[in-house]
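Beneath this line is the structure, given in structure tokens, with notes to follow.
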There are 2 protein chains.
Amino acid sequence: MELGRRERKKQQTKAAISEVATLLFLERGFDAVTVAEVARAADVAVQTVFNHFPAKEDLFFDEEGWWLGPARAVREAGDPLDALEAHYLTSIRERLAVGHLATWKQFVATIEGSPALQARRRLQADELVRTLAEALDERSDERVRNRLLAAQYSAAQNLFEDELMRILPDDASPAELVEAQQALEKVVAEVFAVLRNGLTAPRG
Amino acid sequence: MELGRRERKKQQTKAAISEVATLLFLERGFDAVTVAEVARAADVAVQTVFNHFPAKEDLFFDEEGWWLGPARAVREAGDPLDALEAHYLTSIRERLAVGHLATWKQFVATIEGSPALQARRRLQADELVRTLAEALDERSDERVRNRLLAAQYSAAQNLFEDELMRILPDDASPAELVEAQQALEKVVAEVFAVLRNGLTAPRG
DNA sequence: CTACATCTTTGGAGTTTATCCAATGACAAT
DNA sequence: ATTGTCATTGGATAAACTCCAAAGATGTAG
């Protein structure tokens with residue numbers, strides 16, 4: 001679809017605002033930067049910022065709807081657990097791609113430094129669980145188990161994220177990256193084994 | 001410990017504020033009532049409200065730390081799953097006690113009508129999961145499983161709450177109460193059976 | 001009982017996020 | 001060129017929350 005100049009300029013200002021905002025947030029922390037400052041740095045009116053982003057938090061979380069991924073993965077593949085494991089391994093590899101990692105660690109650190117961003121992330125996690133549970137409902141009518149599984153997936157994701165933050169130094173060398181990826185994939189395998197076998201089964 | 005008049009009056013104003021605020025919130029919704037209104041209704045200065053309650057949400061959630069219950073239950077009993085099941089059955093019975101139910105349904109409805117209150121409840125749920133996971137860590141060093149179980153317990157609690165809201169009419173008769181309690185306890189038994197046997201084991 | 005210290009309450013000014021609205025200016029369509 | 005649409009803007013406003021200094025109530029020591 002062809003975009004007119006007007007729409008193009010609109011997207012342009014939106015992108016400019018988001019970019020300058022993200023830089024400021026990463027540099028000085030989310031709570032320490034006011035929307036007025038962002039507007040000034042982007043050379044637009046404060047109202048323009050709110051025209052494009054419904055709330056301040058949306059300036060930071062510009063990626064749209066990653067939390068719908070697991071539900072989609074379940075819908076598009078055969079066995080739900082296989083689908084979820086594959087989906088998670090893919091997202092891990094993306095995160096560990098060269099250049100992405102440092103940025104990602106900074107993102108997480110910024111979130112952990114701001115109650116408002118943490119609240120927003122909880123909302124996203126909730127959305128993930130809800131949509132995943134609905135997707136699982138389409139595969140099996142065992143509502144109770146579907147909801148428990150969805151919660152476990154979300155918990156597993158948190159686990160992996162903590163683990164990543166823990167084992168990876170800020171400036172990881174390529175060798176360390178490979179090592180970390182192998183370590184993480186081992187944890188993923190362990191977690192999904194637990195999910196498959198159930199909590200009380202003996203570990204593999 | 002003996003409380004002086006000063007401290008007594010302080011608690012008194014705090015209680016008065018909390019009470020009048022809760023009434024207003026239940027009646028007209030959390031977001032539709034301003035702190036200034038609460039202050040006016042309680043005949044105190046706005047600043048006085050914030051002297052006693054760090055944030056507006058604290059005017060609604062005055063009960064302190066119920067979300068630490070599961071962790072405590074695990075620490076004080078033998079088998080963690082038995083402890084959690086017993087703890088949850090107890091809390092259900094409290095909620096279904098005569099007189100408490102209508103109030104509780106109103107509370108939940110008010111929460112569901114306010115994004116701010118929902119966010120606060122998510123924070124509490126997070127705290128529950130975190131503390132429960134720590135308590136489980138003291139019983140077993142299988143960190144991964146402990147975290148998955150904690151997440152499942154939280155999910156189960158949400159399930160029960162939804163179920164309670166769904167099956168119970170606002171003005172339940174004593175007979176309906178008994179019936180609802182039996183239905184709920186059956187669901188609880190089913191969920192904990194799943195937790196014990198694992199997701200993939202055949203249902204009982 | 002008086003004087004002094006402490007602590008709660010209060011009013012006022014200010015900050016920040018967010019909304020509403022009317023005016024302006026760039027772009028699109030005829 | 002005119003006219004309508006739409007993004008942008010400034011201004012006013014609301015609401016949660018903070019800071020601060022003054023006032024009022026309470027506790028304490030002489």
Side-chain angles (χ1 to χ4, degrees), chain A residues 1-22 24-25 28-62 110-111 113-120 123, chain B residues 1-22 24-25 28-62 110-111 113-120 123:
Chain A
M1 43 186 166
E2 194 67 70
L3 287 194
R5 174 154 36 202
R6 195 193 306 225
E7 188 64 18
R8 220 178 325 131
K9 283 205 173 183
K10 193 182 170 185
Q11 308 287 6
Q12 203 172 320
T13 43
K14 177 167 182 172
I17 294 171
S18 174
E19 190 177 339
V20 81
T22 302
L24 285 175
F25 292 153
R28 291 168 35 206
F30 183 77
D31 298 334
V33 178
T34 71
V35 176
E37 268 179 294
V38 172
R40 200 154 41 77
D43 195 32
V44 295
V46 172
Q47 179 61 45
T48 303
V49 174
F50 284 108
N51 281 350
H52 288 283
F53 303 91
K56 189 188 176 188
E57 289 84 2
D58 297 302
L59 289 168
F60 188 77
F61 291 112
D62 40 354
T110 304
I111 293 173
S114 157
L117 291 182
Q118 286 174 41
R120 181 55 78 95
L123 203 163
Chain B
M1 45 183 163
E2 194 67 70
L3 288 193
R5 174 154 38 203
R6 187 183 278 171
E7 190 65 20
R8 218 179 325 131
K9 283 206 172 182
K10 194 181 169 186
Q11 307 287 6
Q12 203 171 319
T13 41
K14 175 167 182 172
I17 294 171
S18 173
E19 190 176 339
V20 82
T22 301
L24 285 175
F25 292 153
R28 292 169 35 208
F30 183 77
D31 298 335
V33 177
T34 71
V35 176
E37 269 180 293
V38 172
R40 199 153 40 77
D43 195 31
V44 295
V46 172
Q47 180 60 45
T48 303
V49 175
F50 285 108
N51 281 349
H52 289 283
F53 304 91
K56 189 188 177 189
E57 289 83 359
D58 297 302
L59 288 168
F60 188 78
F61 292 112
D62 40 355
T110 304
I111 293 173
S114 157
L117 291 182
Q118 286 174 42
R120 182 55 78 96
L123 204 163

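Order of the sequence lines fixes the chain letters, A, B, ..., with proteins taken first and strands second; residue numbering starts at 1 for each chain. The model shown is predicted, which means the values in this text are computed figures rather than measured ones.
Taking every heavy atom of both residues into account, A:Leu59 and A:Val38 meet most closely at CD1-CG1, 4.4 Å.
Looking at residues 28-44 of chain B, you'll see B:Val33, B:Thr34, B:Val35 sit with a heavy atom under 4.0 Å from some atom of DNA chain D. Shown for residues 7-18 of chain B: residues whose heavy atoms fall under 4.0 angstrom of DNA chain C, namely B:Lys10, B:Thr13. The stretch residues 46-53 of chain B touches DNA chain C through B:Gln47, B:Thr48, B:Asn51, B:His52, each having a heavy atom under 4.0 angstrom from the strand.
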Donor-acceptor pairs under 3.5 angstrom involving side-chain atoms of residues 10-21 of chain B: please list them, not counting sequence neighbours.
| unit_1 | atom_1 | unit_2 | atom_2 | d |
| --- | --- | --- | --- | --- |
| B:Gln11 | NE2 | B:Glu7 | OE2 | 3.3 |
| B:Thr13 | OG1 | B:Lys9 | O | 3.1 |
| B:Thr13 | OG1 | B:Lys10 | O | 2.7 |
| B:Ser18 | OG | B:Asp62 | OD2 | 3.2 |

Mind listing the side-chain donor-acceptor pairs of residues 42-49 of chain B below 3.5 Å, one per line with the distance, residues two or more places apart or on another chain?
| unit_1 | atom_1 | unit_2 | atom_2 | d |
| --- | --- | --- | --- | --- |
| B:Gln47 | NE2 | B:Asn51 | OD1 | 3.0 |

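Considering only residues two or more places apart in sequence or on other chains, B:Phe30 meets the ring-ring contact (aromatic ring centres under 6.0 Å, His included) condition with B:Phe25. Taking the side-chain hydrogen bond (donor to acceptor under 3.5 Å, both in side chains) definition, one finds that A:Arg6 meets it with nothing, sequence neighbours left out. The side-chain hydrogen bond (donor to acceptor under 3.5 Å, both in side chains) check on B:Arg5 picks up nothing, with sequence neighbours excluded. B:Glu57 meets the side-chain hydrogen bond (donor to acceptor under 3.5 Å, both in side chains) test with no other residue; sequence neighbours excluded. In terms of the salt bridge (Lys or Arg N to Asp or Glu O under 4.0 Å) criterion, residue partners of B:Asp58 (sequence neighbours excluded) are, by chain and number, B:Arg120. Applying the side-chain hydrogen bond (donor to acceptor under 3.5 Å, both in side chains) criterion to B:Thr22, with sequence neighbours excluded, gives no partner residue.
Protein atom NZ of A:Lys56 is 4 Å distant from nucleotide atom P of C:dT17, rounded to whole Å.
Going from atom CG of A:Leu24 over to atom CZ of A:Arg40 covers 9.5 Å, rounded to the nearest 0.5 Å. Interatomic distance, OG1 of B:Thr110 versus CZ of B:Arg28, reported as 12.5 Å (0.5 Å rounding).
Under the 4.5 Å side-chain criterion, counting only non-hydrogen atoms from C-beta, A:Asp31 is in contact with A:Pro115.
First and last contacting nucleotides of DNA chain D toward chain B (any atom under 4.0 angstrom from a heavy atom, 5' to 3' order): D:dA15 to D:dG27.
Note on A:Arg6: a base of the nucleic acid sits closer than 4.0 angstrom, heavy atoms only.
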